[in-house]
Amino acid sequence: MIELYETLKKRFGYEKFRPGQKEVIQHILSGKDTIAILPTGMGKSLCYQLPGYLLEGSVVIVSPLVSLMEDQAAQMRKNGEKSVIALNSFLSFQERKIALQNLGQYKFIFVSPEMLLQERVANKLRSMKLSIIVVDEAHCVSQWGFDFRPDYLRIGKLIDFDGRPPILSLTATAQSQVIEEISDYLHMDNPVVERHSLDRQNISYCIIQLNTYDEKYDWIKERVTATTGPGIIYASSRKRADELSTELQSIGVAVQAYHAGKENEDRAIIQEQFINGEIEWICATNAFGMGIHKGDIRQVIHEHMPSNMNAYVQEVGRAGRDGKPAAATLLYVPRDEDMTRFIVQNDLPAEEQIMHYAYLLSEGVNDDEAADRASLGETAKRVLDFYMEQFSIDKVLHIVDRLAKQKDSEVHEMVQLITGQRCIRESLMSYFDEKLDSKREYCCSVCGLPNAVWLSSNQRLVERHSKRARSWDERILSLL
DNA sequence: CGGGTGAGCGATAACGCTCACCCGGTGCCTTATT
């Protein structure tokens, strides 16, 4: 125990642990597989860095985004840790070769699931002395594994070898089903679940029903000029994010759009500018947000609903990490969910496509050509390949069908949250199997939010708010 | 849903109109080299 605090002081300069950290570290040090669900901004990386220093061998960190692992590696280097490498496609062939040969010399090794699954990388890691295998943002197993990045579902098989080190899964949100999936697909051995309340008391939730998309635009324009950021506006398509950003720029707002259609370099610059405060607002698709360290985000506005509650909580949770009041507003127009449904179902292959693809493969057609002839998109092909590797065609059809139904019911849950009469915070908490012990003062639009007061401890916001927002708030309240 | 596109229509012909249809999010890795 003394050693823990000494290392904390010496390596990180802290006197105390944040809630949850010490427990997670102790589980890992005693060799137990651990799933840690800690709210964002609670210092999750310390949970593997500290035990990494106390244990012999290398720490492998599986990370979903190259940019995220680069950030984390850079941060660690800045703090004086030289023995860290991010093994990814940023490295040239030559660099990768050298890195792989000398991998055992590194204390901290970041990899993507795809990289981890390359045989050469896997073999090398298995031959090394490893202290911890960390899966960062572990909800990606559930969120992406089944229909987008199936390699997330293959990790478990790979890291399940004799004498493997403990596995640590880190995430900010996970309902019980997701916890089970993480445990199963990572082949975790009876993991300890270290869970902290996900209730973000400083966030006020507001859901507003409007009639048309134009009303949404007007509302956002008004809101952005009358109140303060920094803030994120989540839109449902790249196009809409671009349009909204252009519109807001035209009325003098410091705003940029962010989505996967932009060059990586531009995305990095925009993110940097937002973090430094040069840009006040970001209009983004769901591409924006993971691994963003910015404490003073005051607002998250959803121009369109996300596709499930988990995504909603993740996105909303980016507001108010500094603990000061923050507002989460979701704008809803009846039948918004039609588009959401379309998006989440779009990549799933249809029954005919699956049959066609399987038939062509059985005829000996090369897989790329077969996918092409069966009109399978790249994502659909990769996902299908994963299921066909291990199941009969009947089973595959069944799995895909079940997946579609599940996604549908997730959208339905979102609609119920939006249109229901139940306290929003309470609904979210019960979704994550938590109970609210007491009511917050400025809870949500169902419980009632008084005029502008709900953001009053943010001085700047109130100053700007008081000029124009009064009538606007009244209008919102009347809509509620 | 909302926005965009392209076909079909009328019938002096050209072009403007309607209508049916399609599309819409997330990221690793890109092998022919260790």
Side-chain angles (χ1 to χ4, degrees), chain A residues 62-70 86-103 110-124 137 139-140 142-155 210-217 234-244 257-262 264 267 283-291 302-308 310-312 314-315 331-348 368 375 377-383 385-386 407 410-411 415:
Chain A
V62 183
S63 172
L65 305 178
V66 171
S67 58
L68 190 58
M69 55 179 108
E70 290 292 335
L87 198 62
N88 58 43
S89 59
F90 275 20
L91 300 177
S92 69
F93 176 71
Q94 215 31 252
E95 289 170 328
R96 221 161 99 193
K97 180 178 158 187
I98 294 168
L100 208 48
Q101 275 167 1
N102 303 312
L103 208 54
F110 289 89
V111 287
S112 65
E114 289 81 4
M115 185 63 81
L116 182 69
L117 278 145
Q118 292 192 8
E119 215 180 314
R120 207 164 250 126
V121 177
N123 287 339
K124 181 73 191 183
E137 307 286 357
H139 61 280
C140 290
S142 279
Q143 185 188 305
W144 280 348
F146 300 108
D147 63 344
F148 184 49
R149 291 173 70 179
D151 283 353
Y152 258 104
L153 304 185
R154 292 183 171 110
I155 298 175
L210 299 169
N211 297 309
T212 66
Y213 278 75
D214 282 347
E215 282 183 26
K216 283 188 180 176
Y217 272 23
Y234 280 107
S236 53
S237 72
R238 298 171 179 187
K239 210 166 85 183
R240 207 171 274 283
D242 282 333
E243 280 168 3
L244 202 50
Y258 183 105
H259 52 69
K262 294 200 174 250
N264 281 337
R267 289 171 64 166
C283 293
T285 59
N286 58 357
F288 186 78
M290 200 156 35
H302 278 92
E303 188 266 348
H304 198 104
M305 58 186 280
S307 51
N308 58 60
N310 211 50
Y312 179 64
Q314 286 272 345
E315 288 169 2
L331 306 181
Y332 175 75
V333 165
R335 304 202 59 186
D336 268 356
E337 61 272 25
D338 293 355
M339 179 181 172
T340 309
R341 277 210 181 83
F342 174 84
I343 287 175
V344 296
Q345 303 282 352
N346 188 33
D347 267 342
L348 291 175
D368 286 328
S375 325
E378 214 181 304
T379 302
K381 174 190 182 294
R382 203 178 29 245
V383 169
D385 283 343
F386 171 75
K407 295 204 161 268
E410 286 175 357
V411 175
V415 176

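Reminder, nothing fancy here: chain letters follow the sequence lines and each chain counts from 1.
Non-hydrogen atoms lying under 4.0 Å from DNA chain B are contributed by A/Asn88, A/Ser89, A/Phe93, A/Arg96, A/Lys97, all within residues 88-97 of chain A.
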**Fill in**
Encoded 5' to 3' (Watson-Crick or G-U under 3.5 Å; [ ] crossing; | other strand), DNA chain B becomes ((((((((((....))))))))))..........
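Not a single salt bridge (charged side-chain N to carboxylate O under 4.0 Å, His left out) links A/Glu410 to another residue, sequence neighbours left out. For A/Glu137, the salt bridge (charged side-chain N to carboxylate O under 4.0 Å, His left out) criterion is met by no residue, not counting sequence neighbours. The side-chain contact (heavy atoms from CB on, under 4.5 Å) test applied to A/Gln101 returns A/Lys97, not counting sequence neighbours. Under the salt bridge (charged side-chain N to carboxylate O under 4.0 Å, His left out) criterion, A/Arg154 pairs with A/Asp151, A/Glu389, sequence neighbours left out. With sequence neighbours excluded, no residue satisfies salt bridge (charged side-chain N to carboxylate O under 4.0 Å, His left out) with A/Arg382. With sequence neighbours left out, A/His139 forms a side chain to side chain donor-acceptor pair (under 3.5 Å) with A/Thr171, A/Gln314. Annotation: side-chain contact (heavy atoms from CB on, under 4.5 Å) contacts of A/Val344 (sequence neighbours excluded): A/Ser307, A/Lys407, A/Val411. By the side-chain contact (heavy atoms from CB on, under 4.5 Å) test, A/Phe342 pairs with A/Asn346, sequence neighbours left out. Take A/Glu243 and apply the side chain to side chain donor-acceptor pair (under 3.5 Å) test, not counting sequence neighbours, and it matches A/Tyr217.
Separating the P atom of B/dG3 from that of B/dG25 is a span of 15 Å, rounded to the nearest Å. Here the separation of B/dC21 from B/dG27, taken at their C1' atoms, is 31 Å to the nearest Å. Comparing B/dA11 with B/dC15, their C1' atoms sit 12 Å apart, to the nearest whole Å. Atom name P, nucleotides B/dC22 and B/dT26: the rounded distance is 23 Å, in whole Å. If you take atom P in B/dA7 and the same atom in B/dT12, they sit 25 Å apart, rounded to whole Å. Rounded to whole Å, the separation between the C1' atoms of B/dC28 and B/dG24 comes to 22 Å.
Among the protein residues, A/Met115 comes within range of the sugar-phosphate backbone only, with heavy atoms under 4.0 Å from sugar or phosphate atoms but none that close to a base. Counting any heavy atom pair closer than 4.0 Å across all strands shown, A/Val333 reaches no nucleic acid atom. Counting non-hydrogen atoms under 4.0 angstrom, A/Arg267 reaches the backbone sugars and phosphates but no base. Residue contacts shown for A/Ile343 include a base, since a base heavy atom lies under 4.0 Å away. Among the heavy atoms of the strands lying under 4.0 Å from A/Arg238 are primed sugar atoms or P, OP1, OP2 only; no base atom is included.
A/Gln143 and A/Asn308 are not linked by any side-chain donor-acceptor pair at a separation below 3.5 angstrom, with hydrogens and angles left out of the test. Residues A/Glu337 and A/Tyr332 bring a donor and an acceptor atom of their side chains to less than 3.5 Å of each other.
Mapping A/Met339 and A/Ser67 onto DNA chain B by nearest heavy atom places A/Met339 closer to the 5' end of the strand. The residue among A/Tyr213 and A/Asn286 whose nearest nucleotide of DNA chain B is located toward the 5' end is A/Tyr213.
For A/Asp385 and A/Lys381, the salt-bridge test passes: some basic side-chain N is under 4.0 Å from an acidic carboxylate O.
With a glycosidic angle no more than 90° from 0, B/dT30 adopts the syn conformation.
Taking every nucleotide of DNA chain B with any atom under 4.0 Å from a non-hydrogen atom of chain A, the first and last of them, 5' to 3', are B/dC1 to B/dT34.
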